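Given the structure is predicted, the values throughout are model-derived calculations rather than measurements. FYI, side chains are in, hydrogens and waters are out, and symmetry mates aren't considered; it's all heavy atoms of this structure.
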Number of protein chains: 2
Amino acid sequence: MALSTAQRAATALRDRIQAGVLPPGSRLSEEALGRDLGVSRNTLREAFRLLAHESLVEHRLNRGVFVRVLDADDVRDVYRMRAVLEGAGVRAAAGAPPALRAAVGAAVDEAERAAAAGDWREVGSADLRFHRALAALAGSARVDAAMDRLLAELRLAFHTMPSPRRFHEPFVARNRTLAGLLDGGDAAAAEAELADYLRHALRLILDAMREADR
Amino acid sequence: MALSTAQRAATALRDRIQAGVLPPGSRLSEEALGRDLGVSRNTLREAFRLLAHESLVEHRLNRGVFVRVLDADDVRDVYRMRAVLEGAGVRAAAGAPPALRAAVGAAVDEAERAAAAGDWREVGSADLRFHRALAALAGSARVDAAMDRLLAELRLAFHTMPSPRRFHEPFVARNRTLAGLLDGGDAAAAEAELADYLRHALRLILDAMREADR
DNA sequence: GGCTAGGATATTGTTGAACAATCCTCAATG
DNA sequence: CATTGAGGATTGTTCAACAATATCCTAGCC
């Protein structure tokens, strides 16, 4: 037992949330979930704190914990922060270790392979890996951790996307373009491409959210 | 009672940590602290989770929680992340709302007043406010939150600084310089000044840490 | 003397039950 | 229709107990 019971309960909940079994807005009843997962209320509460730390869940005093709901403002802010972290990575690309630079290209390769196979779910996660690799170029553990939290949050919003293909397909080519600019050492162009990419992706998500609201 | 018992316990512990009553490395005994604060072990554990979220405290399975100890690598990484967040703020300064830009200047004013009065502790916290205001120029709630966590972590390292004056005095003038460059709209110069400022501050802290290790 | 094994001790991890405090529902009232 | 209040459900907190794990000390060995 390398992990505590609370950590295992948190993992079980995290899986259910990201699989969509517990959709955003759901209230997580301590009694029902505790019975379901076979842990006591106190332990479940510790698990809740862990998930709250990851912003997957929101704790409201005396009202319980709820699966996080991202509104349009949240999504806009997530993209602002993405621009900060990924932008830092892109600017640091020239001086970054070869291993980190290679990870960027590898993620693009995987996305292209998955796209060719029509596996859009895998395209999505390769896309996340690509952008995580961009931020990692900054060479900071804290930037990496912040990026991970950010992407976990973003995954919540992806649940409202109707067609994974329509959302991910346009970005495979853009990722390739961006990786090419980085390899070529054209930092300014890479930064501009990244900024435009993020604007584009943000617009698609916001459109989908407006759509889903009706 | 707007705050939960756990939150109040966390506040009490946070105060003791930042006041140096509980120095980095201290083990926080559940029983002793629970008796001391008048809360149960379960509630204290919830408070621990909150502080762990702020990186003030570290939870090791089956060994308890300890006041966080920053080593040299941690401090270097904190400054890498500061460069990312504050750099983003500086680059966004031109387009930032007037209220946010005014906050930058106000923090410098306060630091100068405190320096004139010889209150070096207040100079230190005005300095933190200044840099928080820089990051805030990015206009992102998530950047603000990340910056707050970062500065809370950094405060832990400040405890090893022998002379607050020697550490804070040189930076009052540099902050003024930086604010001037921002007001003048010279973004590139401001960015360069920020980078050099951070290098300078990092070096002072690392020197002090090496000193303290003997 | 120094090292290892093993057990006593202390601390954390987890549980279940109990009660207090708070929120939500919904019917009765004006 | 808005308000109020009782009742029920859920969270907040405590307590006591036991299990699991780490730490420390001692005895025995080389």
Could you tell me how far apart [X] ([atom1]) and [N] ([atom2]) are, to the nearest whole angstrom?
{"X": "A:Asn62", "N": "D:dT10", "atom1": "CG", "atom2": "C1'", "result": "9 Å"}
{"X": "B:Gln7", "N": "D:dG12", "atom1": "CD", "atom2": "C1'", "result": "11 Å"}
{"X": "B:Phe66", "N": "D:dA22", "atom1": "CZ", "atom2": "P", "result": "12 Å"}
{"X": "B:Arg35", "N": "D:dT14", "atom1": "CZ", "atom2": "P", "result": "15 Å"}
{"X": "A:Arg60", "N": "D:dT10", "atom1": "CZ", "atom2": "P", "result": "16 Å"}
{"X": "B:Arg63", "N": "D:dT23", "atom1": "CZ", "atom2": "C1'", "result": "9 Å"}
{"X": "A:Leu61", "N": "D:dG12", "atom1": "CG", "atom2": "C1'", "result": "8 Å"}

**Prompt:** Hey, is B:Arg63 close enough to B:Glu58 for a salt bridge, meaning N to O under 4.0 Å?
**Reply:**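 Judged by the 4.0 Å cut-off on N to carboxylate O distance, B:Arg63 and B:Glu58 do not form a salt bridge.
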**Salt-bridge contact A:Asp74-B:Arg142 (side-chain N to carboxylate O under 4.0 Å)** =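 Looking at A:Asp74 and B:Arg142, the cut-off is met.
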**A:His53 versus A:Arg149, side-chain donor and acceptor atoms under 3.5 Å** =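 Distance-only check fails for A:Arg149 and A:His53.
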**Request:** State whether a side-chain donor-acceptor pair under 3.5 Å links B:Glu46 with B:Thr43.
**Result:**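 No, no side-chain donor-acceptor pair sits under 3.5 Å.
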**Message:** Could you work out how much the helix from C:dG1-D:dC30 to C:dG30-D:dC1 bends, comparing the axis of its first five pairs with that of its last five, to 10°?
**Reply:**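 Comparing the axis at each end, I get an angle of 30°.
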**Prompt:** From the list C:dT14, C:dG13, D:dT14, which nucleotide is the closest neighbour of the side chain of A:Ser40?
**Reply:**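 Shortest atom-to-atom distance from the side chain points to C:dT14.
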**Asked** When you measure from the side chain of A:Ala6, which nucleotide among C:dT14, C:dG13, D:dG12 comes out closest?
**Response**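 Shortest atom-to-atom distance from the side chain points to C:dT14.
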Measure across [X] and [Y] and return the closest heavy-atom pair with its distance rounded to 0.1 Å.
{"X": "A:Arg82", "Y": "A:Leu154", "result": "NH1-CD2, 3.4 Å"}
{"X": "A:Ala47", "Y": "A:Ala6", "result": "CB-O, 3.5 Å"}
{"X": "A:Tyr79", "Y": "A:Ala201", "result": "OH-CB, 3.7 Å"}

**Message:** By the side chain to side chain donor-acceptor pair (under 3.5 Å) test, which pairs, at least two apart or in different chains, include something from residues 155-167 of chain B?
**Reply:**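 Matches after skipping sequence neighbours: B:Arg165-B:Glu169.
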**Message:** Please list all pairs meeting side chain to side chain donor-acceptor pair (under 3.5 Å) that have one or both residues in residues 91-105 of chain B, counting only residues at least two apart or in different chains.
**Reply:**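 Found B:Arg91-B:Glu191.
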**Prompt:** What parts of residues 41-55 of chain B reach DNA chain D, counting only heavy atoms under 4.0 Å away?
**Reply:**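 Here the set is B:Arg41, B:Asn42, B:Thr43.
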**Item:** Positions of residues 22-34 of chain B (non-hydrogen atom under 4.0 Å from DNA chain D), listed by number
**Value:**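 Per residue number, the list is empty: none.
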**Item:** Geometric class of the B:Phe171/B:Tyr197 ring pair [parallel <30°, tilted 30-60°, perpendicular >60°]
**Value:**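 Tilted: the ring planes of B:Tyr197 and B:Phe171 meet at 30° to 60°.
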I'd like a table of atom pairs between the protein and nucleotides 4-9 of chain D - only N or O on both sides, under 3.5 Å - with the distance next to each one.
none

**Message:** D:dG12, OP1 or OP2 - any side-chain N/O from B:Thr5 closer than 4.0 Å?
**Reply:**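 So the side-chain polar atoms of B:Thr5 never come under 4.0 Å of the phosphate oxygens OP1 or OP2 of D:dG12.
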